[in-house]
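Working notes, structure below.
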Amino acid sequence: MSKPGGPFSALRSAYLSGATTPVEQAERVMAELAGRDGGPVWISTVAADDLRAHAAWLTRHRDPADLPLYGIPFAVKDNIDVAGMVTTAGCPDFAYRPAEDAPVVRRLLDAGALLVGKTNLDQFATGLTGARSPYGSCESVFGGGLVSGGSSSGSAVAVASGQVSFALGTDTAGSGRVPAALNGIVGLKPTRGLLSTAGVVPACRSLDCVSVFATDVADAVEVLHAARGVSTADPWGRALPAERASGDAPGTLRLGVPRAEDLEFFGDEGQSERFDAGVRRLSTLVATALPVPLDDFFAAGDLLYQGPWVAERLVGLGDFLRGHPDSVLPVTRTVLETGWRYDAVDAFRGQHRLRELRARVDRLWREIDVLVVPTVGTTFTLDEIAEDPIGRNAMLGRYTQFANLLDLAAVTVPNGFTDGGRPASLTLLGPAFSDLTLARLAAALTAGAEAPPVVAAGDAPPAAAQTLIAVVGRHLSGESRNGELTGRGATFVGAARTAPLYRLYRMESPDGEGLPGLVRVTPDDPQGQPIDVELWSLPSSTVGELLAGVPAPLSLGWVRLHDGRDVLGFLCEAYAAGPPAVDISAAGGWRAYRQAAAGR
């Protein structure tokens, strides 16, 4: 495990197998930070002794299977409070030391996550470039002077570089989606209110949203589930309705695709080509794809900085700006000071205009379920941003800044690379509380996404087609039949869990070892449980051979994972679940059952 961050599944599997501990992981984190000198990604980090102490407590007192984020390292943007750590919001003279964690941070700590530190940002979360901080400008992990995107620049780079497994950002105008796009990772911007904004330095309080960065969709969804909850300290909080708790299957969805005349790539043909390719892939996953106009979306987005909402930023910052004008970066001060132009009449006029636009957009959701847009139309280097910091910032926000004004949820995912090597990205948008529907579609899309180019054409033969297999019992790593996978060239992808739709049984077998059987129950069956599985990537040409060696009543079929993906996996026919088979679902998985049976 060369990096302390990365997908949850690999780290979780290592914890469950005893291959590593949170203490060892904490040492890897600190070694990684020491090798990078901290900046400009980090503004502050947890003291080494405190990080070791937290990791040691987890190691001694908690079981890896008991906490959903056990030992997973994470970071928070430095406009989110952590008890005892200074909150700067990217401005040293604004800094204060809170006595309490923001509720969203406290929930993650309670879920077992390992806090590493606080990350850099565009000052006061005002900007989409990552180049507006007195702590330095973050560069994209892809190098070449490419901006990292902002305002959650440090959080995105910390995840993309493998320093942590996930990070919190904020997203008022695109600050969680643009950095994800420019660093090739997932950015989940939930419905406003699902993640509490109590303990978050406000940008526009009525629009602010805590966002999640991760390397895959499943991990981002896990963080969302662990962190969400209504706080008494947050009047803007909203609960996820029970009927939206699972999301709709991709194959049932109506996809909205922007009309060609509404798309603007600012002369970047590479981004245009990547968007077309992404839409083609998406169209194979949904029920239908329809052209839709974006006029009302763009008109709503224009209200954010060309309307009275920019004045909302002065509610929390106006007194500081007046008293400490030299403490604020010139470009940030220019943006904030435009808020003084607006009065109460302008505010009501803006609200009325937004209501008209939202009503029209709401009618569109009767015709489509999901809208796909480019995350950014083009990319810029730090030097190019310096030439026109406000104009080019606006270009980066063209497809993002309308989302919170229109009360939309969003998920940003990588979409390959242009011929020039720049990262491309897609954003899926839907109405409030469509978060898990968007996540299921995003997971399906990224499961078949193109990999980043690592060799020039002709330097290596094309990779063989692979099939992802969910393994539940004796084919698990270290178990007696695992060689049937490794002998066919299968590689371990990571640990996962099924959706809570299954029962696991131990059936008799001639060798006395027992035969595990995974049986799917009906969605409304209260006996359904999440079951631990492993994911293995198997050359597709060998799947038939594997199936031929599977004994009845087992077979290969589609298994629903906790993140909504359907993957090929081992299933058992329901008739075999009767006596003398023993229901072992409560153990959570075959390996846990075997360990319990052995008294370990």
Are D110 and R107 close enough for a salt bridge, meaning some N to O gap below 4.0 Å?
-> no
Which atom pair, heavy atoms only, marks the closest approach of L121 to S133?
-> O-CB, 3.2 Å
Side chain R28, main chain P4, donor-acceptor under 3.5 Å | no
Below 4.5 Å, heavy atoms only, C-beta onward: do D81 and Y96 meet side chain to side chain?
-> yes
Okay, side chain of T45, backbone of V116: is any donor-acceptor separation there less than 3.5 Å?
-> no
Does any non-hydrogen side-chain atom of R52 lie less than 4.5 Å from one of D49?
-> yes
Do D216 and F8 touch side chain to side chain, with heavy atoms closer than 4.5 Å?
-> no
May I ask you to decide if T126's main-chain N or O and S151's side chain share a donor-acceptor pair within less than 3.5 Å?
-> no
Residues L538 and A490: closest non-hydrogen pair is CD1-CB, 3.7 Å
Answer yes if the side chains of D219 and S165 hold a donor-acceptor pair under 3.5 Å, and no otherwise.
-> no
Verdict with supporting geometry, L535 and L561, side chain to side chain contact (heavy atoms under 4.5 Å, CB included) | CA-CA 10 Å; L535 300 179; L561 299 182; 4.1 Å; yes
How many angstroms lie between CG in D78 and OG in S152, if you round to the nearest 0.5 Å?
-> 11.5 Å
Charged N-O contact under 4.0 Å between E387 and R392 | yes
Can you name the nearest heavy-atom pair linking F213 to G187, along with the distance?
-> CD2-CA, 4.5 Å
Answer whether the closest heavy-atom distance between the side chains of Y135 and T88 falls below 4.5 Å.
-> yes
Minimal non-hydrogen separation, T215 against V159, with atom names | CG2-CG1, 3.9 Å
Derivation and outcome, side chain to side chain contact (heavy atoms under 4.5 Å, CB included), residues L436 and H225 | CA-CA 10 Å; L436 297 180; H225 284 317; 3.9 Å; yes
Result block: side-chain N/O donor-acceptor pairs under 3.5 angstrom for residues 195-203, not counting sequence neighbours:
unit_1, atom_1, unit_2, atom_2, d
S196, OG, A198, N, 3.1
S196, OG, D234, OD2, 3.2

N393 and T129: side chain donor to acceptor below 3.5 Å = no
Under 3.5 Å, side chain of N120 to main-chain N/O of G136, donor-acceptor pair present?
-> yes
Just do the side chain to side chain contact (heavy atoms under 4.5 Å, CB included) check on L476 and D532 with the steps written out, would you?
-> CA-CA 10 Å; L476 293 166; D532 292 336; over 6 Å; no
Would you check if the side chain of N415 reaches a backbone N or O of L426 as a donor-acceptor pair within less than 3.5 Å?
-> no
Expected output: side-chain R591 to main-chain S477 donor-acceptor under 3.5 Å | yes
Quick check: are there more than 12 heavy atoms from other residues, nucleotides or ligands sitting under 6.0 Å from CG of D66?
-> yes
Are the charged groups of R497 and E222 less than 4.0 angstrom apart, N to O?
-> no
Distance in Å, N404 CG paired with S175 OG, rounded so as to fall on 0.5 Å steps | 10.0 Å
Could you check if a side-chain atom of C209 sits within less than 4.5 angstrom of a side-chain atom of P190, using non-hydrogen atoms only?
-> yes
Is there a donor-acceptor contact under 3.5 Å from the side chain of Q123 to the main chain of G90?
-> yes
Scan side-chain atoms only and decide if K189 and T412 contain a donor-acceptor pair under the 3.5 Å cut-off.
-> no
Can you name the closest pair of heavy atoms from T119 and A158 and give their distance?
-> CG2-CB, 4.5 Å
Is the backbone N or O of L182 less than 3.5 Å from a side-chain atom of S140, with the two atoms forming a donor-acceptor pair by type?
-> yes
Answer yes or no: is there a donor N or O on one side and an acceptor on the other, between the side chain of T20 and the main chain of E24, under 3.5 Å?
-> no
Could you give the distance from NE2 (H54) to OG1 (T59), rounded to the nearest 0.5 Å?
-> 9.5 Å
Are R274 and Q271 close enough that a side-chain donor and a side-chain acceptor fall under 3.5 Å?
-> no
How long is the gap from CG on L408 to CG on D435, to the nearest 0.5 Å?
-> 10.5 Å
Value for CZ (F275) from CG (D268), rounded to nearest 0.5 Å, stands at 13.5 Å
Euclidean distance, L438 CG relative to L428 CG, rounded to 0.5 Å | 6.0 Å
K77 and S155: side chain donor to acceptor below 3.5 Å | no
Whether N183 side chain and V157 backbone form a donor-acceptor pair below 3.5 Å | no
For T427 and R177, test the side chains for any donor-to-acceptor distance below 3.5 angstrom and give the result as yes or no.
-> no
Does any non-hydrogen side-chain atom of Y399 lie less than 4.5 Å from one of L263?
-> yes
Measure the shortest side-chain to side-chain distance between Q163 and L33 over non-hydrogen atoms and say whether it is less than 4.5 angstrom.
-> yes
Answer yes if the side chains of D63 and Y70 hold a donor-acceptor pair under 3.5 Å, and no otherwise.
-> no
Ionic contact status for D122 with R132, cut-off 4.0 Å | no
Check whether any side-chain heavy atom of F124 sits under 4.5 Å from a side-chain heavy atom of R313, and report yes or no.
-> no
Step-by-step side chain to side chain contact (heavy atoms under 4.5 Å, CB included) determination, L69 to L108 = CA-CA 7 Å; L69 299 178; L108 294 172; 3.6 Å; yes
What pair of heavy atoms forms the shortest contact from P22 to Y15, and how long is it?
-> N-CE2, 3.4 Å
